[in-house]
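Each remark here refers to the structure printed beneath this line.
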Protein chains: 2
Amino acid sequence: MIAPLAPDMFDEICPSDLSPIRFGDKWTGMVMRCLEDGPRRFSELRVPLRGVTAKVLTKSLRSMERDGLVRRRVADRQVSYELTLLGRSMLAPMDAACAWAREHWDELLDAREGVPAER
Amino acid sequence: MIAPLAPDMFDEICPSDLSPIRFGDKWTGMVMRCLEDGPRRFSELRVPLRGVTAKVLTKSLRSMERDGLVRRRVADRQVSYELTLLGRSMLAPMDAACAWAREHWDELLDAREGVPAER
DNA sequence: ACGCGTGGTATCCGTTCGGATACCGGCTAC
DNA sequence: GTAGCCGGTATCCGAACGGATACCACGCGT
């Protein structure tokens with residue numbers, strides 16, 4: 001999941017799974033999108049990311065932290081995550097990838113459907 | 001591996017492994033770069049992609065074919081692979097990702113080094 | 001006849017990924 | 001005191017990923 005694509009970027013069956021472009025692990029792209037409007041708390045992140053377990057989200061956030069994309073803050077006994085400048089700068093290539101995916105949506109769809117089944 | 005980065009994109013320890021941006025599976029990005037100047041035969045691809053086994057390369061190429069990025073041709077008893085128009089169009093977001101990685105190389109490096117070890 | 005290059009396939013194997021489930025300490029509300 | 005939320009951790013599990021190795025049919029050169 002890399003970008004807000006119709007019908008819903010956070011759908012159970014995510015439309016942008018069609019795109020071969022990936023940012024970090026399974027949840028990184030969505031976390032980025034959740035954080036682009038400002039810091040969010042751990043449990044706030046779990047709401048739009050339906051189905052992510054605490055363990056997996058933690059792991060994802062830790063590796064984003066290790067990569068310098070996200071900063072973890074503890075303030076007033078509350079934990080929140082926010083994009084670093086580096087993380088924020090990665091929104092540009094993400095938008096480029098998203099634009100490409102939207103632009104070539106039909107071709108991506110056709111390619112998959114053109115394949116009979118497993119081969 | 002997503003782009004020609006110093007010192008060598010095909011190095012055993014690939015410098016662009018630092019970037020969290022991925023195109024397809026492990027070899028897809030490199031295959032794209034190998035094909036951008038024209039069609040290549042199966043064994044031609046194995047040369048720059050040091051270490052890839054036939055099985056893994058085949059699997060990678062098949063999934064790129066399924067995604068519509070690559071076309072497999074058999075002509076005169078020779079097999080060659082070439083980028084489709086869709087595949088060629090994906091070079092744009094790849095270049096964007098590559099530019100981002102080059103631009104933020106130091107930050108990416110610092111982020112990794114700032115981490116004591118495993119946590 | 002034999003070996004070699006091409007373009008794979010089949011099988012096995014260890015690692016990683018992501019999910020399910022259970023549990024935890026610290027704090028708050030009732 | 002006990003129930004609930006918060007922000008996790010620990011353990012187990014099946015599936016997928018990627019590499020190693022062996023093998024294969026086919027054509028070519030000599």
Side-chain angles (χ1 to χ4, degrees), chain A residues 1-2 10-14 16-18 20-32 34-35 39-67 70-82 112 117-119, chain B residues 1-2 10-14 16-17 20-32 34-35 39-67 70-82 117-119:
Chain A
M1 171 67 50
I2 56 163
F10 299 108
D11 258 358
E12 206 149 343
I13 42 151
C14 170
S16 58
D17 277 356
L18 264 186
I21 310 178
R22 288 285 171 278
F23 294 81
D25 65 18
K26 176 171 179 181
W27 299 97
T28 300
M30 277 176 286
V31 170
M32 296 282 300
C34 289
L35 294 180
R40 295 279 179 267
R41 296 177 50 186
F42 186 81
S43 2
E44 283 183 297
L45 289 172
R46 298 194 62 185
V47 178
L49 275 36
R50 298 190 282 273
V52 72
T53 63
K55 188 199 98 177
V56 173
L57 180 56
T58 301
K59 195 185 158 204
S60 200
L61 287 167
R62 292 280 189 277
S63 86
M64 290 175 76
E65 209 186 345
R66 192 206 65 200
D67 290 350
V70 140
R71 188 165 30 242
R72 179 180 186 271
R73 321 192 80 126
V74 187
D76 195 26
R77 290 167 220 99
Q78 287 195 165
V79 180
S80 66
Y81 293 88
E82 61 181 331
R112 298 285 177 119
E118 289 294 316
R119 48 172 297 175
Chain B
M1 172 68 49
I2 57 165
F10 300 107
D11 258 358
E12 205 149 346
I13 41 151
C14 168
S16 59
D17 276 356
I21 310 179
R22 287 286 171 280
F23 294 81
D25 65 18
K26 177 171 180 185
W27 300 97
T28 300
M30 275 176 287
V31 170
M32 296 281 301
C34 289
L35 294 182
R40 295 281 178 266
R41 296 177 48 186
F42 186 81
S43 3
E44 282 181 300
L45 288 172
R46 297 193 63 184
V47 178
L49 274 35
R50 297 190 281 275
V52 72
T53 62
K55 188 200 97 175
V56 173
L57 180 56
T58 301
K59 195 186 158 205
S60 201
L61 288 167
R62 293 281 189 275
S63 85
M64 290 176 76
E65 209 186 346
R66 191 207 65 201
D67 290 350
V70 140
R71 188 167 28 246
R72 180 180 185 271
R73 320 191 79 124
V74 187
D76 195 27
R77 291 170 218 95
Q78 287 197 166
V79 179
S80 66
Y81 294 88
E82 61 182 329
E118 290 293 316
R119 49 172 298 176

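A note on names: the letters A, B, ... follow the listed sequences, proteins ahead of strands, and every chain is numbered from 1.
Rounded to an integer number of Å, the gap from A/W27 CH2 to C/dC17 C1' is 13 Å. Nucleotide D/dC26 holds its C1' atom 14 Å from the CG atom of B/D76, rounded to whole Å. Straight-line distance from the CG atom of B/D25 to the C1' atom of D/dG18: 9 Å, rounded to whole Å. We find that CZ of A/R22 is positioned 11 Å from P of C/dG18, with the value rounded to whole Å. One atom, CZ of B/F42, and another, C1' of C/dG8, lie 6 Å apart when rounded to the nearest Å. Regarding A/R40, its CZ atom lies at a distance of 14 Å from the P atom of D/dG7, rounded to whole Å. As rounded to whole Å, 10 Å separates atom P of C/dG18 from atom CE of A/M30. Between the CG atom of A/L45 and the C1' atom of D/dC6 there is a distance of 13 Å, given to the nearest Å.
In this structure, the side chain of A/R40 does not engage the main chain of A/Y81 through any donor-acceptor pair within 3.5 Å.
Residue B/R72 places at least one side-chain N or O closer than 4.0 Å to OP1 or OP2 of C/dG8. Between A/R62 and D/dG8, a side-chain N or O to OP1/OP2 separation shorter than 4.0 Å is present. Residue A/K59 has a polar side-chain atom (N or O) positioned under 4.0 Å from OP1 or OP2 of C/dC17. Distances shown here put every side-chain N or O of B/R77 at or beyond 4.0 Å from the OP1 or OP2 atom of C/dT6.
In the set D/dG19, D/dG7, C/dG18, the nucleotide with an atom closest to the side chain of A/K55 is C/dG18. When distances are taken from the side chain of B/V56 to each of D/dG27, D/dG8, D/dG19, the shortest belongs to D/dG19. Distances were taken from every side-chain heavy atom of B/K26 (C-beta onward) to each of D/dG18, D/dG8, C/dG8; the shortest belongs to D/dG18. Side-chain proximity of B/V79 to C/dT6, D/dG8, C/dG8: nearest is C/dG8. Each of C/dT6, C/dG18, D/dG7 was ranked by its minimum atom distance to the side chain of A/R41; first place goes to D/dG7.
Summary of the strand contacts: A/V52 and B/E44 both lie near DNA chain C, and taking for each the nucleotide with the nearest heavy atom, the more 5' one is attributed to B/E44. Taking for each of A/T53 and B/T58 the nucleotide of DNA chain C with the nearest heavy atom, the 5'-most of the two is the partner of B/T58.
Contact check for B/L49 versus B/C34: side-chain heavy atoms found under the 4.5 Å cut-off. Side-chain contact check for B/L57 versus B/V31: some heavy-atom pair is nearer than 4.5 Å. B/R62 is not listed as a side-chain neighbour of B/K59, based on a closest heavy-atom distance of 4.5 Å or more.
To the nearest 0.5 angstrom, B/R66 atom CZ is 13.0 Å from B/L61 atom CG.
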